[in-house]
Amino acid sequence: MSMNQENRHVLVANKLLIAMSGLTRWTKRQEGFLYEQHHYNIPKPFLDLKWTKSRIRHLLTLLSHCDDQGIISLVENDMLANYARTSVRSLHNNLRLFESVGLIRYSVHFSGVVTIELIDYLENYRDLFEEADTHRSKTGYTSLWCGMVRQLMDIDHVNILRVALRALVQVERDIHVQSQDKATLTYDEVRGFLPRYCGHRLAVKGMLDQLSRFFNVHLVENTKDFLSALKENAALKRRMHTVTRPLMFHVKLEAQVDSKKIRETERASTLISWFDLREVARDYIDFDRLEVSSSSLQSLSDTYGFTACDEVLRAIRNDFHQYGELLQESDIYQLFFESPILYLNERLRRHTEKLAIA
DNA sequence: GATTAGGGCGCAAAATCCGT
DNA sequence: ACGGATTTTGCGCCCTAATC
């Protein structure tokens, strides 16, 4: 019923994930010093806040429901609080807090319904900056599958949540950007950003164990394996500072929550579905005259998902089967022949709304 | 002006966090 | 593992604003 549906892929600046997980205390590096707050250029309001469990959950909740301008319009408090698994009271407290430090603006419309605006959304929350005519990310952002975010909300212990956020950044870096087959966190790195009191080897191991719900976690705790892992990964070696324990964790995302994989396979399937339509339609019309680029189809796939795209494309295919070239005369298909992507967008939007109500 | 509805806020209990 | 500190939450009072 709510027109605000959850984003399928939730985009979060790495600097936010780092800030929320806690900045590392280990600033010394081989080449000098590295302060995460400067390195990531983390906006001040994010540094000033203490990131408690409910605050992390609420911020992720906002990011999961905002549009590409960082706006969530007319949404029920209950819905947001439920999503974050907190009371409405805490949601209010945090919304007020976020507003007072300049992270958001919000207004209450009528009982229990608010509109929220994330301030400087692109710069602050996505790390995107204008450059020439396009946007560039300085320190990167991570795409999270909505199912993954929902699982994050189920984590009870803040510190496990913190480790999860770091692991996600690392997966983005090592696997998605650097194309390695696994991401690595060392014991010392984990200890660096967690509060001092939970730095014990067993505690850290236990936390990583609990992440195996949505990460594929592999422990490397034997000295020989540790050293050989270090040897074959130059980037890892470079970012090491201290080694107090030969203990590291290889993490991978489970396929069902891997935003990148999901996106890629869905894109490919949507393209195939489009070509199936083409096969049928070109018996009746000059299909290639429509000039639909694969990149716009991919973006439809990202926004609405393969299932919805396929259902709509199938329906169009059936209409071609049934009506053939007569389709060109029909009013409802007029927009399709003038601007196919606009038409598909419109139809997909209605399609997903219908599903939401049902 | 009485009544009511809704949000803010203080209080205190419960849950969690954190330092040792 | 223990205990003080902090966060989260529900309860209920108070204020405001809308309605009759």
Side-chain angles (χ1 to χ4, degrees), chain A residues 1-2 4 16-27 36-37 42 44-65 71-117 119 149-168 185 187-211 213-214 242 244-245 247:
Chain A
M1 241 151 303
S2 152
N4 274 283
L16 277 199
L17 295 172
I18 298 288
M20 290 192 293
S21 75
L23 300 184
T24 188
R25 293 186 302 274
W26 299 113
T27 51
E36 287 180 324
Q37 61 195 91
I42 300 174
K44 190 157 184 309
F46 292 104
L47 293 173
D48 294 343
L49 277 184
K50 179 182 176 186
W51 287 99
T52 64
K53 187 164 67 181
S54 76
R55 291 175 196 165
I56 296 175
R57 288 183 179 185
H58 287 146
L59 196 79
L60 287 176
T61 299
L62 298 185
L63 287 164
S64 300
H65 294 86
I71 293 179
I72 308 172
S73 63
L74 294 172
V75 64
E76 287 169 302
N77 287 328
D78 285 10
M79 193 280 271
L80 293 179
N82 273 339
Y83 187 89
R85 319 236 158 177
T86 67
S87 65
V88 176
R89 171 82 197 264
S90 298
L91 178 73
H92 273 151
N93 284 343
N94 285 334
L95 287 180
R96 270 207 301 277
L97 178 75
F98 289 164
E99 186 171 60
S100 73
V101 296
L103 286 182
I104 66 169
R105 267 187 285 269
Y106 78 105
S107 53
V108 180
H109 295 279
F110 41 89
S111 175
V113 175
V114 289
T115 286
I116 302 168
E117 178 199 349
I119 293 176
V149 179
R150 271 185 251 117
Q151 295 207 46
L152 289 177
M153 299 296 168
D154 283 337
I155 296 178
D156 276 331
H157 299 282
V158 232
N159 294 317
I160 297 176
L161 181 55
R162 289 180 178 140
V163 176
L165 298 181
R166 284 277 174 164
L168 286 166
L185 282 169
Y187 167 75
D188 290 288
E189 284 175 314
V190 174
R191 261 185 46 142
F193 65 82
L194 285 181
R196 287 177 195 278
Y197 71 93
C198 41
H200 291 291
R201 184 185 143 89
L202 272 181
V204 174
K205 256 177 81 172
M207 284 179 207
L208 268 293
D209 274 348
Q210 297 213 43
L211 290 182
R213 262 190 294 166
F214 42 91
T242 355
T244 61
R245 285 245 158 74
L247 175 60

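Convention: sequence-line order gives letters A, B, ...; per-chain numbering from 1.
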Nearest-Å distance, [atom1] ([X]) to [atom2] ([N])?
| X | N | atom1 | atom2 | value |
| --- | --- | --- | --- | --- |
| N77(A) | dG10(C) | CG | P | 14 Å |
| K53(A) | dT7(C) | NZ | C1' | 10 Å |
| R55(A) | dT6(C) | CZ | P | 12 Å |
| L161(A) | dT7(C) | CG | P | 16 Å |
| H157(A) | dT6(C) | NE2 | C1' | 17 Å |
| F193(A) | dC18(B) | CZ | P | 13 Å |
| I155(A) | dC17(B) | CD1 | P | 12 Å |
| D156(A) | dA14(B) | CG | C1' | 15 Å |

Just N and O in the side chain of [X]: are any of them under 4.0 Å from OP1 or OP2 of [N]?
| X | N | answer |
| --- | --- | --- |
| S87(A) | dG10(C) | yes |
| Y197(A) | dC18(B) | yes |
| R162(A) | dC18(B) | yes |
| T52(A) | dT8(C) | yes |

*Are the charged groups of K44(A) and D48(A) less than 4.0 angstrom apart, N to O?*
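Salt bridge: yes.
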
*Look at E189(A) together with R245(A) and state whether they make a salt bridge at an N to O cut-off of under 4.0 Å.*
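No.
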
*Short question: side chain of R57(A), backbone of M153(A) - any donor-acceptor pair under 3.5 Å?*
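Yes; at least one donor-acceptor contact below 3.5 Å.
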
Report the nucleotide, chosen from [options], that has the shortest atom-to-atom distance to any side-chain atom of [X].
| X | options | value |
| --- | --- | --- |
| H92(A) | dT8(C), dG19(B), dG8(B) | dG8(B) |
| R89(A) | dC9(B), dG8(B), dC18(B) | dC9(B) |
| R96(A) | dC17(B), dG8(B), dT8(C) | dG8(B) |

*For R57(A), answer base if it contacts any base atom (sugar-phosphate contacts may also be present), sugar-phosphate if it contacts only those atoms, and nothing otherwise; contact means non-hydrogen atoms under 4.0 Å.*
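The answer is nothing, as R57(A) stays clear of every strand by at least 4.0 Å.
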
*asked:* Parallel, tilted or perpendicular, judged at 30° and 60°: which one describes the rings of F46(A) and W51(A)?
replied: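 Parallel, since the angle between the ring planes stays under 30°.
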
*Pairwise 5' ranking along DNA chain B for K50(A) and V108(A), keeping only the more 5' one*: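 By nearest-heavy-atom nucleotide position, the 5'-most residue is V108(A).
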
*asked:* Judged by each residue's nearest nucleotide on DNA chain B, which is more toward the 5′ side, G112(A) or V158(A)?
replied: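 Result of the comparison: G112(A).
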
_Within 45 degrees of the ring normal and closer than 6.0 Å to the centroid, is that where the cationic atom of R150(A) sits relative to Y83(A)?_
no

